[in-house]
Amino acid sequence: MSIKSIFKPSLFASLLPLGLLLTSTHSFANKNYIPEGYELKTVMTPKDVPFHITGLDSAENGDIYVVTRLGEVWRYDQKWHKFADGLHEPTGLMVDDDGSILVAQKPELTRLVDTNKDGWADEYIQIVDDWDFHDNYHEFTFGPVKDKAGNLYGTLNLSHGAPNSFSLGTMGSAGGWRGWAFEVTKAGEFKPFAYGLRSPAGIGISPEDELFFTDNQGDWVPTSKMHLLQKDKFYAHPVSLIDHPDWDEQKIRNAKPEDFAKFSEKPVVWIPHIEVANSPGNPEWDTSGGKFGPFEGQIFIGDQTQSNVFRVILDKVKGEYQGAVINFVGGMQSGNIRTHIDNKGQLWVGQTARGWGAKGGKPFGLQKIVWNGKQPFEVLDVKLVEDGFKLTFTQALKASSVKPSSFAAKHWHYDYNGNYGSPKRGVTQLPIKTAKLSDDGKTVHLKMSLTADKVVQIDFNGVKNKAGSQASTRTLYYTLNQLNN
Amino acid sequence: MINTAQLRPVLFAVASLFSVSAAAQSDQAILDLLDQPEQLAAGETAFNSICASCHKKDLSGATGFNLKDSEWVHGSAPSDIYKNIQNGFAQAGMPAFKGMFSDQQIKQITAYILSKREGWDNLTYKVFELAEGRARDWDQVLMQRAVKSGSANKNMPDFNIPENEEFAYVLSGDFYAPRDQDARLSVHAPHTLLEVYIDGEKVAKKGNAWRGSYPLKRGKQHLEFRLMTPPKPFPKYTRTNASLIVTNDAENIKLFPASKRAVQQLAGTNFPITATNSEVVQRKVVIELPPYSVAVGLPQKMNYAFNTRSCAIVGAWKGDLLNIGPNIKERGQDGSVPLGDWLFHAPEQIKPLTKDCDFIKYTRRDATEFEFTLADTRLSVAATQANNQTLTLTYKVLGGAKPTQLKFALPRSKQNKYQINGGQLVKQGPHTQWHINTAQNKTFSIQLSAVGEL
């Protein structure tokens, strides 16, 4: 495999000498694509201000708050107002219920309060700083999100090249919960929550109060992925074990990949490198009640390298999540790292490309994707069934276009080891046995032979709606951890 | 028969002999000042009072040209610079200064400018082709005829000049390193074969195959830099377009670029944060300060940093707050640089002698105020300034279970003296501690004063 195809520029993923990373280009994702009925709008950012947005949320009144890598918090109500500054490269922001602003800085989780209501934060209150920050550039703090009980959660990036750090070759930890997720209880107590994280650049919480996080491709992460985040579980990167009471450096070094694999969680979705994402940001749920179109309940994630937004469609099989990823909007202006849907059903996308580069070319920015009410023609849902998949579309299909030759499928898996990313292994075409359309004309039942622990790519280039149109993206990637039988 | 075409330059040279010699004398008179610190100090004062407004205090140029690089549009000889200050360039907006400064002052300014000179001068290069598979031997290579050679454009090495994939590249010229501190030539050109000679002596590299550095002499020296590509196939991540950067001796501050690639690399690393009307606060990676430090700049040009892990004042400096550029460029791998002179910095600090520090918050109203507890005592600290040489840190007892004795270690520094208000100073060997009884002192303060010419 060539260097070009392994090493992609990606904000929280990569660690190699900069010049090497910026040489990568790939024609695949440079295409612009957007479903019918959606529009991409660019929001002007304050003049002459480096505005690399790495945290984004909205207040109850609809005002947008962003935090930038320069360390500033700004409020947007059709105009920009600076709210705070001087923070240490924050990579997360949340508007709390009382209107105060939580920011995840590298050394601290901080609450910003405007006590005299003059529009400027006058209190910078430490919530927690119980992890160790060693002044290393890669030691990002992501989050927070809050559950219904009022507990906060965040994730801590491993370091790269920090002095006196433990490393298995690439990312490292000089200790202090690097590569861990953490909880801050409602009472304000810091608790290490889960481990095995690498560059977990996005954390999100579902409407059902379940935590999810994304991690960036690299060592021990063969391709980017999204996991369900649960207490005391291990998410594959062994360096974080250095802070685990049951492990020490020698024990980690002596263990083999298969030893770690035994207790490592499987991701809910693998996110194929380049085709979908190299460095995904936070998962954001559409709970707009239809204001953002037909994809209610689905997850929207931006990618910093590919300058796109993709959807995650969850499927629950035998009580466990797995599911599919599919591209949604491509060709955006900069690196998409934060997504947020506001109370008007607008998907805001915070962007930065500094240090890692993005397809979009602009160094930073803010764009939003809005739905104009016109029904798009796209895949709405995918469900694993005993003998294949059921694909549901947003519109009824032209019956004559529903035949096995309109579809193609293949599967593969990835290596799990300390190498930087993995090529697809065992790529195998999967013949489509039958393609049967449902009575309402929207769902296709595809029969094919399936194997567990594979990513299944399904193309549907031949499928058309009644007007004869194709969907804007015609490939989905389903992570088949287990069969539905 | 005499060829008139040959004769003409000779005649011209004779005719201009007197003026050349006068210039040489005045050049020498200015160069002599370079070894006289008081003359340079006078030049610096004069420069900062007038010239810095257009050329910047660090001579890096703004409205006016950069005065420390190798580009001299109007002549680089000391007498050229002297004459240009005297007469100015009215059309370009630079007035004649001969009415404002005395002759001696202009000489001092010229000497000061020359003392700040940095980088290459009279730089030449030679490129040699390397036949595939040939042993990498400098003696053999240098016997060959160079396939390209000449003067380097703008005295800046460009490692993209060789057209062959396998090449040897020799740079030779004068090199100006800082006169006021030790510095190193830091080279990033993974897997290439490097040799460095200073004033004819080979210099040992510190580092590895990825990155290395060489100690420079202070001021002017002759520098020869040799780079040869490794045998093919090149190891992964080989980089032949070398980045040469002069750093401080500790290699944590990049001072200036010394190759074209480094110029691009360091562009945009100037992002000063200065307090003008009100205090400014920055949490960044800062050179010489530990992680978890919060830097505060006051408008009267004193600055300090509070550490949220130790509740210590981990540094104080006179000047502007920080250039955060290195910490916000690309991946932000370099620390921010304080824009002034230290009074002290960690490990010398105003440090509570308890590990039981619990930082609570800072507030940013008129003054920035840090709140924290030391054991059971809740305290705040904020700074005020009476003038541009002092900084007063005032601690207030906000609450506590019972009165207690607080102890702080105080910094040892030749650049700082202090005066306390409240509590006592207690000598502990070479160290001084500050003991405060909170029953008697609800507020107590320490005034820091910059000592001498910083």
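So that the names make sense, note that chain A is the first sequence line, chain B the second, and so on, each numbered from 1. Small disclaimer: the values here were computed from a predicted structure and weren't measured.
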Engineer: So, B:Lys284 side chain and A:Leu70 main chain: donor-acceptor pair closer than 3.5 Å or not?
Structural biologist: yes
Engineer: Does atom NZ of A:Lys82 have more than 12 heavy-atom neighbours from other groups under 6.0 Å away?
Structural biologist: yes
Engineer: Let me know if B:Ile328 has heavy atoms under 4.5 Å from chain A in its side chain, its backbone, both or neither.
Structural biologist: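 It is both, since atoms from each part get that close.
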Engineer: How would you list, by chain and number, every residue that makes a salt bridge (charged side-chain N to carboxylate O under 4.0 Å, His left out) with B:Glu251, sequence neighbours excluded?
Structural biologist: B:Arg184, B:Lys206
Engineer: Would you say the side-chain atoms of B:Tyr292 pair up with the backbone N or O of A:Phe133, donor to acceptor, closer than 3.5 Å?
Structural biologist: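 Checked: pair present.
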Engineer: Just checking B:Lys205: does its NZ atom have more than 12 heavy atoms from other residues, nucleotides or ligands closer to it than 6.0 angstrom?
Structural biologist: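 Enclosed: over 12 neighbouring heavy atoms sit under 6.0 Å from NZ of B:Lys205.
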Engineer: Can you tell which of B:Glu371, B:Arg309, B:Gln265 has the highest number of heavy-atom pairs within less than 4.5 Å of chain A?
Structural biologist: B:Arg309
Engineer: side-chain contact (heavy atoms from CB on, under 4.5 Å) between A:Thr110 and B:Lys361: does it pass, once the steps are laid out?
Structural biologist: CA-CA 9 Å; A:Thr110 308; B:Lys361 65 178 176 183; over 6 Å; no
Engineer: Let's test your reading of the structure: which of A:Asp129, A:Ile127, A:Asn136 forms the most heavy-atom pairs below 4.5 Å with chain B?
Structural biologist: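 Top count of heavy-atom pairs under 4.5 Å with chain B: A:Asp129.
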Engineer: Tell me, for B:Leu321 versus chain A, whether the close heavy atoms (under 4.5 Å) come from the side chain, the backbone, both or neither.
Structural biologist: neither
Engineer: Is the number of heavy atoms from other residues, nucleotides or ligands under 6.0 Å of B:Lys351 NZ greater than 12?
Structural biologist: no
Engineer: Taking 4.5 Å as the heavy-atom cut-off, does anything in residues 275-283 of chain B contact chain A, and if so which residues?
Structural biologist: B:Val281, B:Gln282, B:Arg283
Engineer: Check the surroundings of atom CG in A:Asp98: do more than 12 heavy atoms from other residues, nucleotides or ligands lie under 6.0 Å from it?
Structural biologist: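 More than 12 within 6.0 Å, yes.
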Engineer: To the nearest 0.5 Å, what is the distance between CD (A:Glu89) and CD1 (B:Ile324)?
Structural biologist: 10.5 Å
Engineer: Quick one: closest heavy-atom pair of B:Arg364 and A:Asp85, and the distance?
Structural biologist: NH1-OD1, 2.6 Å
Engineer: For B:Phe370, what residues pass the ring-ring contact (aromatic ring centres under 6.0 Å, His included) criterion, not counting sequence neighbours?
Structural biologist: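 Only B:Phe306, B:Tyr362 meet the ring-ring contact (aromatic ring centres under 6.0 Å, His included) criterion with B:Phe370.
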Engineer: Just give me the residue among A:Gln126, A:His134, A:Glu108 that pairs up with chain B most often, heavy atom to heavy atom, under 4.5 Å.
Structural biologist: A:Gln126
Engineer: Which region of A:Pro363, side chain (C-beta onward) or backbone (N, CA, C, O), has a non-hydrogen atom less than 4.5 Å from a non-hydrogen atom of chain B, or is it both or neither?
Structural biologist: neither
Engineer: Specify which of A:Ile125, A:Asp132, A:Asp135 makes the most heavy-atom pairs with chain B at under 4.5 Å.
Structural biologist: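 Sorted descending by pairs with chain B, the first entry is A:Asp135.
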Engineer: For residues 112-124 of chain A, give me every residue with a non-hydrogen atom less than 4.5 Å from any non-hydrogen atom of chain B.
Structural biologist: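 Contacts with chain B: A:Thr115, A:Trp120, A:Asp122, A:Glu123, A:Tyr124.
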Engineer: Taking everything shown except B:Lys301 itself, do over 12 heavy atoms lie less than 6.0 Å from its NZ?
Structural biologist: yes
